[in-house]
Number of protein chains: 4
Amino acid sequence: MTVLQGKGSEQMSMQSVAQEAGVSVGLIYRYFANKEDVLRSVIVGVLEDIEARVPAAILAAGEDPVDQVAAGFDAYCRVIAENSEAAVITYRESSRLSAENRTLIKDLEMGSVQPLGRATQEAVEAGLFAPVDVDLFAYNLVLLAHGWALKSWYFQPQHTVDSYIRGQLALVLSAALTPDHHIEYSRYLTAKED
Amino acid sequence: MTVLQGKGSEQMSMQSVAQEAGVSVGLIYRYFANKEDVLRSVIVGVLEDIEARVPAAILAAGEDPVDQVAAGFDAYCRVIAENSEAAVITYRESSRLSAENRTLIKDLEMGSVQPLGRATQEAVEAGLFAPVDVDLFAYNLVLLAHGWALKSWYFQPQHTVDSYIRGQLALVLSAALTPDHHIEYSRYLTAKED
Amino acid sequence: MTVLQGKGSEQMSMQSVAQEAGVSVGLIYRYFANKEDVLRSVIVGVLEDIEARVPAAILAAGEDPVDQVAAGFDAYCRVIAENSEAAVITYRESSRLSAENRTLIKDLEMGSVQPLGRATQEAVEAGLFAPVDVDLFAYNLVLLAHGWALKSWYFQPQHTVDSYIRGQLALVLSAALTPDHHIEYSRYLTAKED
Amino acid sequence: MTVLQGKGSEQMSMQSVAQEAGVSVGLIYRYFANKEDVLRSVIVGVLEDIEARVPAAILAAGEDPVDQVAAGFDAYCRVIAENSEAAVITYRESSRLSAENRTLIKDLEMGSVQPLGRATQEAVEAGLFAPVDVDLFAYNLVLLAHGWALKSWYFQPQHTVDSYIRGQLALVLSAALTPDHHIEYSRYLTAKED
DNA sequence: GATGAATGAGGCTTCATTCAT
DNA sequence: TATGAATGAAGCCTCATTCAT
């Protein structure tokens with residue numbers, strides 16, 4: 001069942017969560033053991049969404065590692081954008097979780113970096129990317145994706161998700177691509193108007 | 001006065017803040033109107049630190065815009081690293097502040113991006129940087145600096161602040177520098193062992 | 001109907017009572033007006049059991065008042081032992097009942113003392129018992145019977161209901177019997193092994 | 001400190017406990033970790049009172065074991081009478097305690113029987129008491145003492161604590177004393193008017 | 001100035017009760 | 001009849017805030 005559709009918002013009191021979900025407080029406790037369980041569920045939900053959609057996007061991008069990185073980042077950003085409230089909750093509330101749940105979330109998040117890391121690694125090995133620090137590069141992709149949710153107030157007026165993704169891809173790919181391949185992938189490097 | 005030196009930690013109740021600071025609850029209320037005031041003070045403190053040290057570092061970096069960007073980013077990261085608990089609090093607690101205080105913090109943070117933005121702009125105009133999206137580039141610097149505090153659990157074992165700064169500079173500068181100038185600034189682009 | 005067979009246990013929430021009884025919560029509310037009604041029913045059930053079996057045991061004991069007292073106490077103890085959970089509930093929950101129901105239960109309990117009181121009275125009048133305080137003596141019998149349920153943790157390892165009854169009878173009858181009749185009723189006064 | 005002076009009453013909600021004690025809810029949590037802690041403290045308080053006063057009374061009773069039993073029972077009853085609300089709480093709420101605390105209370109209660117048991121034992125060995133089941137006899141004394149609190153509604157109109165103690169002593173001592181010693185201890189055996 | 005005992009509103013959670021199926 | 005999902009009032013507990021000392 002999908003109590004908790006439009007989770008998020010600002011208030012995280014069980015009363016307000018219930019009200020927003022349009023159910024009673026008591027009903028939440030039929031599906032979740034306690035508040036921490038609700039929180040974990042929301043956060044893990046986003047991470048599972050990422051786990052489902054980012055690898056899929058990479059797979060659908062074909063053989064080219066650069067296309068894979070671009071597609072993976074694109075998908076990551078879109079999941080975050082579609083769940084930006086939940087993404088923000090991750091930063092705001094995860095310190096309230098038990099050590100166990102925090103570990104769970106860390107592990108899932110670290111796992112979510114890996115597909116991007118693998119594509120990056122392949123791009124490096126194929127000579128398409130300069131020999132960048134693969135881990136750092138991949139993690140930056142994740143951080144930039146989160147940035148859209150964390151700093152929406154900063155980007156929102158001037159950017160849409162599309163333009164944000166395009167802009168960030170232009171930056172990060174030009175950081176990584178060897179000069180020889182800039183023209184080949186110029187479709188990612190030119191910031192188009194939106 | 002310097003009540004609230006090493007606040008931070010995890011607990012943000014006034015009683016635990018007092019205990020950690022080694023003072024009584026009552027004393028905090030002599031210096032701060034209420035909890036929100038304490039929070040704002042902590043957050044604004046970090047931002048003022050940035051406001052003081054990042055421009056100073058840029059100034060000290062000399063005429064070269066690329067050196068300025070590097071020095072500014074370096075300083076930004078170090079302030080965050082020295083106040084990582086407060087930096088995390090910004091993300092965790094700012095949603096609990098009044099609209100007014102949130103606006104104040106946003107303004108300060110947007111202001112903190114500007115020195116980095118100006119240096120970036122100059123680098124572009126001097127032909128040292130490719131024509132990147134200056135705002136986005138500058139904001140990414142800030143986000144990556146915050147990343148050190150937000151994701152310490154991810155980077156900590158393998159990275160020190162120094163290696164983190166070096167690694168990130170290598171990435172972001174190779175993103176921006178035109179191929180012609182890679183050699184000139186190769187000191188930033190090679191990740192050295194630490 | 002016999003919803004609520006082996007209620008008891010520790011949990012007294014309607015949901016757990018229902019689960020233990022193997023029925024739905026809703027069904028309980030078809031047979032009982034509310035929780036207090038369930039409670040009263042459980043408690044009254046035990047008292048009615050006593051009201052049915054103690055006089056019957058006394059009747060079956062024949063003419064001898066001492067045998068009647070012994071038989072009555074024996075029966076009282078056995079009803080309590082067979083319903084020890086419900087007996088404990090009486091002590092634990094009766095303060096939650098309405099004044100009206102508490103009065104009802106008091107009256108039933110006072111009534112349950114009477115057959116023991118009458119037999120005691122006859123024993124005194126027949127010169128078998130010393131002139132004890134009949135009310136107190138009879139009530140002690142009830143209290144000692146309850147003691148089996150209330151303090152099972154104290155008696156359980158060393159005593160069975162049988163040995164408990166035998167031991168208590170030995171004590172209370174030797175308290176009451178005049179010295180002249182000790183031998184006549186020595187069958188009650190010697191604690192046998194079990 | 002003595003928050004919780006006149007504990008007891010009927011209501012055991014923290015709100016009502018606070019109100020009755022004339023303090024705020026919050027203050028209770030400065031002295032007690034949680035509700036269970038309050039409960040345990042009340043119950044243990046009575047048991048410690050017994051532990052203090054019953055042995056003292058026995059000691060003060062002199063060398064005679066029968067006097068000791070009488071004095072011990074007298075003291076036990078008076079502690080219960082002075083704390084009858086707390087004594088009732090023991091029966092009503094101890095099932096809500098953690099296993100650990102229940103064990104603690106059992107142990108204290110079993111300990112509280114011992115002084116009475118020892119005096120009884122001595123009386124038996126001195127040939128003053130018939131060879132009764134010492135454990136059972138001693139425990140009955142405790143149960144009868146509790147009886148005053150548990151069944152106050154039954155005894156109250158006709159009995160004071162004094163007359164209750166006198167009446168019970170007459171019963172239990174005549175149960176135990178060998179016929180030879182009835183006259184010697186007749187001061188305990190005759191129920192006087194009150 | 002400095003303390004920390006005291007307060008009580010507000011948040012989490014349980015559970016008696018209802019009602020649509 | 002029988003079910004069990006849904007409700008929401010009430011209880012436990014925390015913690016921002018005050019104030020007598």
Side-chain angles (χ1 to χ4, degrees), chain A residues 1-3 10-19 21-39 93 96-97, chain B residues 1 3 10-39 93 96-98, chain C residues 1 3 10-39 93 96-98, chain D residues 1-3 11-19 21-39 93 96:
Chain A
M1 213 222 39
T2 53
V3 169
E10 289 298 273
Q11 291 282 34
M12 271 305 290
S13 82
M14 292 302 278
Q15 301 294 337
S16 52
V17 167
Q19 186 157 25
V23 297
S24 65
V25 215
L27 189 57
I28 297 180
Y29 284 86
R30 174 169 290 278
Y31 295 96
F32 299 93
N34 47 39
K35 186 177 177 174
E36 172 156 359
D37 197 23
V38 175
L39 236 38
E93 307 289 340
R96 270 107 180 151
L97 300 181
Chain B
M1 209 230 30
V3 169
E10 286 297 275
Q11 287 281 36
M12 274 301 294
S13 80
M14 291 301 274
Q15 349 269 334
S16 56
V17 166
Q19 186 161 25
E20 248 173 84
V23 298
S24 66
V25 226
L27 191 57
I28 296 181
Y29 279 88
R30 178 162 292 278
Y31 291 95
F32 299 94
N34 48 39
K35 185 176 177 176
E36 173 156 0
D37 198 21
V38 175
L39 238 39
E93 307 290 339
R96 271 108 179 151
L97 301 182
S98 69
Chain C
M1 209 228 31
V3 168
E10 286 297 276
Q11 288 282 37
M12 274 301 294
S13 80
M14 292 301 275
Q15 349 270 333
S16 56
V17 166
Q19 186 160 26
E20 248 172 85
V23 297
S24 66
V25 228
L27 191 57
I28 295 181
Y29 279 88
R30 177 162 293 277
Y31 291 94
F32 299 94
N34 47 39
K35 185 176 178 176
E36 173 156 1
D37 197 22
V38 176
L39 237 39
E93 308 288 342
R96 271 109 179 149
L97 301 181
S98 69
Chain D
M1 213 223 39
T2 53
V3 169
Q11 291 282 34
M12 270 305 290
S13 82
M14 290 304 277
Q15 300 294 335
S16 52
V17 166
Q19 186 157 25
V23 297
S24 64
V25 210
L27 189 57
I28 297 181
Y29 285 88
R30 175 169 290 277
Y31 296 95
F32 299 93
N34 47 41
K35 186 177 177 175
E36 171 155 0
D37 197 23
V38 175
L39 236 39
E93 307 289 341
R96 270 110 180 149

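Letters A, B, ... are given to chains in the order of the sequence lines, protein chains preceding strands, and every chain is numbered from 1. The structure presented is a predicted model; accordingly, all values stated were derived computationally and were not measured.
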Is any side-chain heavy atom of [Y] closer than 4.5 Å to one of [X]?
| X | Y | value |
| --- | --- | --- |
| B:V17 | B:K35 | no |
| D:N34 | D:M14 | no |
| A:R96 | A:E36 | no |

Would you mind reading off the distance between [X] atom [atom1] and [N] atom [atom2], rounded to a whole angstrom?
| X | N | atom1 | atom2 | value |
| --- | --- | --- | --- | --- |
| C:I28 | E:dT18 | CD1 | P | 14 Å |
| A:E93 | E:dC12 | CD | C1' | 14 Å |
| B:D37 | F:dA16 | CG | C1' | 13 Å |
| C:Q19 | F:dA5 | CD | P | 12 Å |

> What stems, by residue range, does DNA chain F take part in, given at least 3 consecutive Watson-Crick or G-U pairs under 3.5 Å?
Replying inline: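 So the stems come out as E:2-21 with F:2-21.
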>> Can you give me the closest heavy-atom contact between B:A18 and B:S24, atom names plus distance?
In response: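 It is CB-C, 3.9 Å.
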>> I want to verify a distance call: between E:dA6, F:dA2, F:dA6, whose nearest atom is closest to the C:S24 side chain?
In response: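 Output: F:dA2.
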>> Starting the side chain at C-beta, find the nucleotide from E:dA2, E:dA5, F:dA5 nearest to A:R30.
In response: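 Nucleotide nearest to A:R30's side chain: F:dA5.
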> Does A:Y31 have a side-chain nitrogen or oxygen under 4.0 Å from the phosphate oxygens OP1 or OP2 of F:dA5?
Replying inline: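 False: A:Y31 side-chain N/O out of range (4.0 Å or more) of F:dA5 OP1/OP2.
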> Roughly how far, to the nearest 0.5 Å, is the CG atom of C:L97 from the CG atom of C:D37?
Replying inline: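 Reported to 0.5 Å precision, the distance equals 10.5 Å.
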Under 3.5 Å, which protein N or O atoms sit close to an N or O of nucleotides 13-17 of chain E? Give each pair with its distance.
residue: E:dT13; atom: OP2; partner: A:Y29; partner atom: OH; Å: 2.6
residue: E:dT13; atom: OP2; partner: A:K35; partner atom: N; Å: 2.8
residue: E:dT13; atom: O5'; partner: A:Y29; partner atom: OH; Å: 3.3
residue: E:dA16; atom: OP1; partner: C:K35; partner atom: NZ; Å: 2.7
residue: E:dA16; atom: OP2; partner: C:M14; partner atom: N; Å: 2.3
residue: E:dA16; atom: N7; partner: C:Q15; partner atom: NE2; Å: 2.5
residue: E:dT17; atom: OP2; partner: C:Y29; partner atom: OH; Å: 2.9
residue: E:dT17; atom: OP2; partner: C:K35; partner atom: N; Å: 2.7
residue: E:dT17; atom: O5'; partner: C:Y29; partner atom: OH; Å: 3.4

